[in-house]
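Reckoned from all heavy atoms, side chains included, excluding hydrogens, waters and symmetry mates. Each chain gets a letter, A, B and so on, in the order the sequences are listed, and its residues count up from 1.
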Amino acid sequence: MKEITYKEALREALSEEMIRDENVFLMGHDIGIYGGGFGVTEGLVLQFGEQRVIDTPISEAIIAGLATGAAISGLRPVIEAMFSDFVTLMMDNIVNQAAKFSFMSASQACVPLVLRMPAGCGTGAGAQHSQSLEAWMCHVPGLKVVFPSNPYEAKGLMKAAIRDNNPVIFFEHKLAYSSIGYVPEDEYVIPIGQANIMRKGNHITMVSYGHSVQKCLMAAAHLKEIGISAEIIDLRTLYPLDEATIINSVKKTGRVMIVHEAVKTGGLGGEISAILSEKAFSYLKAPILRIAGKDVPIPFSKTLEEACVPQIQDIENAAKRLMRR
Amino acid sequence: MKEITYKEALREALSEEMIRDENVFLMGHDIGIYGGGFGVTEGLVLQFGEQRVIDTPISEAIIAGLATGAAISGLRPVIEAMFSDFVTLMMDNIVNQAAKFSFMSASQACVPLVLRMPAGCGTGAGAQHSQSLEAWMCHVPGLKVVFPSNPYEAKGLMKAAIRDNNPVIFFEHKLAYSSIGYVPEDEYVIPIGQANIMRKGNHITMVSYGHSVQKCLMAAAHLKEIGISAEIIDLRTLYPLDEATIINSVKKTGRVMIVHEAVKTGGLGGEISAILSEKAFSYLKAPILRIAGKDVPIPFSKTLEEACVPQIQDIENAAKRLMRR
Amino acid sequence: MSLTNEKITIMYNKMVTARLLEEMLHEMFSEHMLHGTTHLGIGQEASGIGACMTLRDGDKATLTHRNHVQCIGLGMNVKYLLAEMFGKETGTNSGLGGSMHLMDLKNGNLGANGIVGGGLGLALGAAFKMHYHKEENVVMCFLGDGATNEGLFHEALNLASIKNLPVVFFVENNHYAVSMNTSRSMKVTDIGQRANAYGIRSIILDGNDAIDVYNMTFSAVQYVREGNGPILIESKTYRVAGHSKSDVKQLYRSQEEVDAWVAKDPIKRLEEYILKNNIANSEMLKEINTRVMDEIREAVLFAQNSLDPSADILNKHIYAK
Amino acid sequence: MSLTNEKITIMYNKMVTARLLEEMLHEMFSEHMLHGTTHLGIGQEASGIGACMTLRDGDKATLTHRNHVQCIGLGMNVKYLLAEMFGKETGTNSGLGGSMHLMDLKNGNLGANGIVGGGLGLALGAAFKMHYHKEENVVMCFLGDGATNEGLFHEALNLASIKNLPVVFFVENNHYAVSMNTSRSMKVTDIGQRANAYGIRSIILDGNDAIDVYNMTFSAVQYVREGNGPILIESKTYRVAGHSKSDVKQLYRSQEEVDAWVAKDPIKRLEEYILKNNIANSEMLKEINTRVMDEIREAVLFAQNSLDPSADILNKHIYAK
Ligand SMILES: Cc1ncc(C[n+]2csc(CCOP(=O)(O)OP(=O)(O)O)c2C)c(N)n1
Ligand SMILES: Cc1ncc(C[n+]2csc(CCOP(=O)(O)OP(=O)(O)O)c2C)c(N)n1
Ligand SMILES: [Mg+2]
Ligand SMILES: [Mg+2]
């Protein structure tokens, strides 16, 4: 085991997969000598050359389009949107082309592409650079969606995403990039579609993903001191959802809260809540709670920005409320 | 009262509002002499001239962009995406500009625009022309979202949408266009944010919107024959949701199913289910059911296309299941 | 490869196939025998087929919503084409695609597209792969005049230009995007001019003259194949049929305008050329027409007698293993 | 309106304001006094300010992410600008916007934009309204060179052209989009060439020469104001500062290149012009610099002493009544 950052973990995955398979290439703006908006691809152009680490003009739509066509043709593109907010410019190529190609063609071709996107708020970048749009992607059959919460997951999921024969939307949280964690020295892959129980507990189940998992872990540590034992499920993959892991935990605890930074209305919390209502209704001892982002564009002011998404204290308070029901 | 089609109802609303307020104008491709992809704007260019009924090249993104800028400047654009599937090309201007403008500018300007979009499947148009993407829109603070189910609502909601000072995403169902219904002779407006109880009932609550409401009504008529009394709530507005009307009904019936054509995962059904879990948990006598589109791109084949979205029989079956719990 | 007599005859055969097929489709839609909608290329046969015939093994093409002519040009079997339009499991796409998504990868056909300009990304990607693996192939990216007003067109031409990708942007300028004449959708008179903005060469040709289309496209393909980067071809032609099955009134154009273009019918013109140059006599041409008609009738029967896809096909194709 | 001495002095004053403000911002970011990020326009003052000064009452402008210079050009008060960058309730956007969204509608400032090219739609819409109500105003749409590679640029120029909208597309070509030099992002040498694809006139000017920027932009604005439709101006300049606060290494360019452009500093050049033409003496210029610096220091204090917005502001601005 070694300790590396989330950013380094991603870079290792990219580099290892590029070595393993010459059909893997990277494309995006400023991913070459600049190293990407958040430094994930730093150094890769020196290692693999400009033929495989490809800078493009600011043309998000065609980056996604070209990647789709390249994937259909047998390559394995990994593209980057500098901020996940700019996926708005890629939606047609991702949703109407990449996601549907295998289906519409009755499997004449598949689309092994990965779209990497830094998401989330907390950097004071304002409303157009701070969104969490993963719920959109989970509503598009044909896509897979992953969102690692720590370096170990970042590396293992990225390798799985690159090897997957389908378009995988890969969210990365900006605040996670410099977080540190243990990662095996040996090669490993984390299968897409499997959640992970990050912490065992008996009283309540916290379902979360991405950076919010870290907040749940801290909240759980505090809650333990007052005798509340929280089980934390890190979804890792948002689509397809690992329903079994969630349901099994809820069967045990009977109390569940879903925590995410994305805006509450229309967020993934609703989906998970609905699944539990459908499939674990009789085990529920209390209403399912969603602790999610406020229904508001992300403001610039630091204090307001923090007020818009769940903080550790909010998670603790919610857990206490949940225990009282 | 008079009997007109959904399409005519929309046209009347557009025409009346254009007469009332010279700042209202229409823009889109082929909305002029061609009358729009589904004929909604037929004749309007003759009535109002090419200055106010404006054909554009096939450039969806800038149509949405121009509309945002015009709205900020005091006009009231009503734009059309020929199919709601093409909103993928408008997402940046709608989500990152229109929806956030009022907020980011601290109300220096508002964005009174209406985006009209024919949605849904049933016409054999294939995967890229048949989607129901309303859930995306409900996940974007700053937008309002409406989806009328019949001519009366189409007219009343369109007038409200045009008068609203915010961006309103206005879904129209392709299969509804030629449906007929009663509409008052006198002017009326249906406030955004109010659901309507389309049918009173005691045993189960069906929450639906758009064309699916019609299917619920037919299913309810059949269910009545076997002694099941269904209350049908037509949401009309999808954001902001009229939670009170839903919750009150569920308090009465204790059994609820949500019916929509959009893909189940990430659809609005999850949101409504979650709200009910949060706010009406103790009234629920049975698990909340979602009867929704399959998680699949819409296929071309007619039989398969029908198999992908809830049909009357599916709704009936679900209601019976719900009664047995 | 120069245009041999044999090739001209094949070209004629394909053009007739497309025409008779589409006339049949038109009839079947009028009689509500088919679900969905369709976009006919009647009048554009020289463009689509002349262009496709310049391609060789390993080359690829992305098609538009108005794709039957292009499909035939690339060698799609009419049986499977029709079966797809009937939504049958024997169709090219097993009934999942329909008219706007006809695809036939083994013939280099990367699929028609329901999104105007939607083929641009696919074309660039396929060309990128050729470039990446140093293959001497090209991608023909079919576009309508209307598609050149989409933002993606701009991004695609610029990117193809700077990355030197082997793409032939073949614009079928049929003068209309649904109801909008090109004179209303752009201020430049030739779409070819747009290529200058990217440092891309362009060629403008008479899209109703099959011989011209073939020869000029052939040298353009050659240019691209030799590694000179992309090229844009503007093929001036005309959509004689309505935009789609819903386009009945056609208030946006005059009958005179249509008639003037009907007079330039590409099939008639090729016939005249063939007869004048003694490539075939009128007997032989008639025979071709008869044989093609028989084939199409047979294909209709094949399609009608095929089975509907069963529901379990739905989950089979959403995700690849 | 020709460039009076008074106007030249105002221009100088504004350019100095922008420069000193940004140097201050740079310092404050280095000391982590500010949240978020910022994009400095140091070296581009002649472009942004020269262009804005050609506008008159009722005219509008859409700004880029690199907007401080443009904001000052349009008359934004430094106090409120700084308060916004400190996220305070006294800021132009009440602390909701931040650096990339500075907006000041009463001065015709339709807002900076965090989306590259995001101002294009806003500009067209504002111009459309002028056209709709037959007002004799124009919109100046600021863009970077990088923004001209976005699809929206293509759609916007085409639509503005065919609808004859009063937009001046003012491209600040500072030769880089983050790390990408324009020679790598496009094959044409001048962005001005791109206007031809839409039948739009273009002007290329020396963006580091304030006098030139003003005069040529002024006549372009005049041309647009007279109803001739849009125009594109390419102002060749250079970004001396890093792309944003995160751009530290700058491996994508050489120090020699930067130095060569620093030698063409627009403020120095305007100073020389002013002195040579006896518009002011060096005492007077020094005085301006001192006064501006005082103003900025005061503005910083104002910003720092302002209150954070309270949480109830959040729900106030999402929807208009
Ligand atoms: C993105 C998108 N916008 C609009 C449409 C609706 N539509 C289908 S075909 C068409 C016209 C296309 O014109 P052109 O590119 O000239 O092709 P043509 O139909 O003339 O062959 C339009 C607007 C679409 N399918 N996709
Ligand atoms: C749509 C979009 N893509 C990417 C970015 C990230 N980004 C911010 S500024 C910038 C470079 C813009 O270059 P240019 O238009 O030349 O303006 P400059 O920074 O040189 O002033 C990029 C890529 C963005 N903000 N928006
Ligand atoms: Mg056309
Ligand atoms: Mg630049």
Side chain, backbone, both or neither: which part of A:Glu306 has a non-hydrogen atom closer than 4.5 Å to chain D? neither

Can you tell which of D:Ser185, D:Gly114, D:Gly91, D:Gly117 has the highest number of heavy-atom pairs within less than 4.5 Å of chain A? D:Gly114

Are A:Arg11 and A:Glu42 ion-paired here, with the side-chain N under 4.0 Å from a carboxylate O? no

Looking at D:Lys245 and D:Asp247, is there a salt bridge between them, counting it only when a charged N and a carboxylate O are closer than 4.0 Å? no

D:Lys236: which of D:Val171, D:Asp190, D:Asn174 passes side chain to side chain contact (heavy atoms under 4.5 Å, CB included): D:Asp190

Given the options A:Thr88, A:Thr303, A:Ile33, A:Asp295, which has more heavy-atom pairs under 4.5 Å with chain D than any of the others? A:Ile33

Partner chain D: residue of A:Leu89, A:Leu304, A:Asp85, A:Ile298 with the largest heavy-atom pair count (under 4.5 Å): A:Leu304

Do we see a donor-acceptor contact under 3.5 Å between the side chains of D:Arg184 and D:Tyr252? no

Side chain, backbone, both or neither of A:Thr123 within contact of chain D (heavy atoms, under 4.5 Å): backbone

For chain A, which residues of residues 312-321 of chain D have at least one non-hydrogen atom nearer than 4.5 Å to it? D:Ile313, D:Leu314, D:Ile318

Would you mind reporting whether D:Thr62 and D:Asn113 have side-chain heavy atoms less than 4.5 Å apart? no

Would you mind checking which part of A:Glu60 comes under 4.5 Å of any heavy atom in chain D, side chain (CB onward), backbone (N, CA, C, O), both or neither? both

